[in-house]
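For reference, the structure discussed in these notes is given below.
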Protein chains: 2
Amino acid sequence: MKRKEVITDEQKKIARYAKAMGHPIRMYVLELLSNQSCCYSGDLTEILPIAKSTLSQHLKELKDAGLIQGEIEAPRIKYCINKANWEEAQELFKKYLLI
Amino acid sequence: MKRKEVITDEQKKIARYAKAMGHPIRMYVLELLSNQSCCYSGDLTEILPIAKSTLSQHLKELKDAGLIQGEIEAPRIKYCINKANWEEAQELFKKYLLI
DNA sequence: ATATTTGTTCGTTAATTACCGAACAATAAT
DNA sequence: ATTATTGTTCGGTAATTAACGAACAAATAT
């Protein structure tokens, strides 16, 4: 017998997206990618005032949350928005923020 | 001479809001408050499967981020959405999510 | 075959977050 | 004056996050 669960899957899902968005660097990347289709992480390393290993971790966070995806274009990696999940996030925020 | 700052204040601001939204319990509270004007934390303690001290911390997080506000109605505390900041968050997410 | 480019992973450190129960403070009720 | 209610704060622990430089892996270019 399953215990009553007060927290919904939607609340968990939007919290997951929000958490990934909870850092200025990651918002910078998301803003960039949502406006310009794609970028290489090398471009970001040059612009952002953080070590490349740190950037790599932030990109991994966004990837793990499903907000972006990387495509190998050796020796570089091209990052873009993960369209399906991005749209899901849009819908969730629209709903929860009553926009 | 100020060093070039790549991260904008808006990115910092939305990241701050997103971070506060980055936990299922806090999303639960926000959803509740955005739909029903206000609640007492006692109500939440009964429903949510966490200790009251933990809930208190989550409410503090939301308050510190500016998303909710508490009004003393002794011996209880009435929580509501912080309207001004909530609207700012709405605008920011609208802009960043291109909704 | 070797060097260069590109980005991840590893190891480390410091800070923050999440959670609990117990103790505390403030007010209300008896 | 005591007791009960309500919620925060404290002390502690465990887990996660953020950051860095060094080492590594993979592929391209020389």
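Here is the naming used below: chain letters follow the sequence lines, and residue numbers restart at 1 for every chain.
- Rounded to whole Å, atom P of C:dT16 lies 17 Å from atom CD of A:Glu61.
- Applying the ring pair (Phe, Tyr, Trp, His ring centres under 6.0 Å) test to pairs two or more places apart or on separate chains, none has a residue in residues 33-57 of chain A.
- Only A:His23, A:Arg26, listed by number, bring a heavy atom of residues 22-37 of chain A to less than 4.0 angstrom from any atom of DNA chain D.
- Under the rule for a side-chain contact (heavy atoms from CB on, under 4.5 Å), the partners of B:Leu32 that lie at least two apart in sequence or sit in another chain are B:Gln36, B:Cys39, B:Leu44.
- Taking atom CE of residue A:Met21 and atom C1' of nucleotide D:dT17, one finds them 18 Å apart after rounding to whole Å.
- In terms of the side-chain contact (heavy atoms from CB on, under 4.5 Å) criterion, residue partners of B:Thr45 (sequence neighbours excluded) are, by chain and number, B:Lys52, B:Leu55.
- Comparing A:Ile72 and A:His58 by the nucleotide of DNA chain D whose heavy atom lies nearest to each, the residue mapping closer to the 5' end is A:His58.
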In 5'-to-3' order, the base (B), backbone-only (S) or no-contact (-) status of each nucleotide in nucleotides 2-16 of chain D, using a 4.0 angstrom heavy-atom cut-off, is ----SBBB------S
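- Residue pairs satisfying the ring pair (Phe, Tyr, Trp, His ring centres under 6.0 Å) criterion with at least one member in residues 51-99 of chain B, sequence neighbours excluded, are listed as follows: A:Phe93-B:Phe93, B:His23-B:His58.
- One can place CD of A:Glu73 at 14 Å from C1' of C:dG7, the figure rounded to the nearest angstrom.
- Between A:Lys78 atom NZ and C:dT6 atom P the separation is 17 Å, expressed in whole Å.
- Residues passing the salt bridge (Lys or Arg N to Asp or Glu O under 4.0 Å) test with B:Asp64 are B:Lys60, sequence neighbours excluded.
- In terms of the side-chain contact (heavy atoms from CB on, under 4.5 Å) criterion, B:Glu46 has no residue partners (sequence neighbours excluded).
- Remark: side-chain polar atoms of B:Arg26 are paired, donor with acceptor, to backbone N or O of B:Ala20 under 3.5 angstrom.
- Taking B:Lys13 as the reference, B:Tyr17, B:Glu88, B:Leu92 meet the side-chain contact (heavy atoms from CB on, under 4.5 Å) condition, with sequence neighbours excluded.
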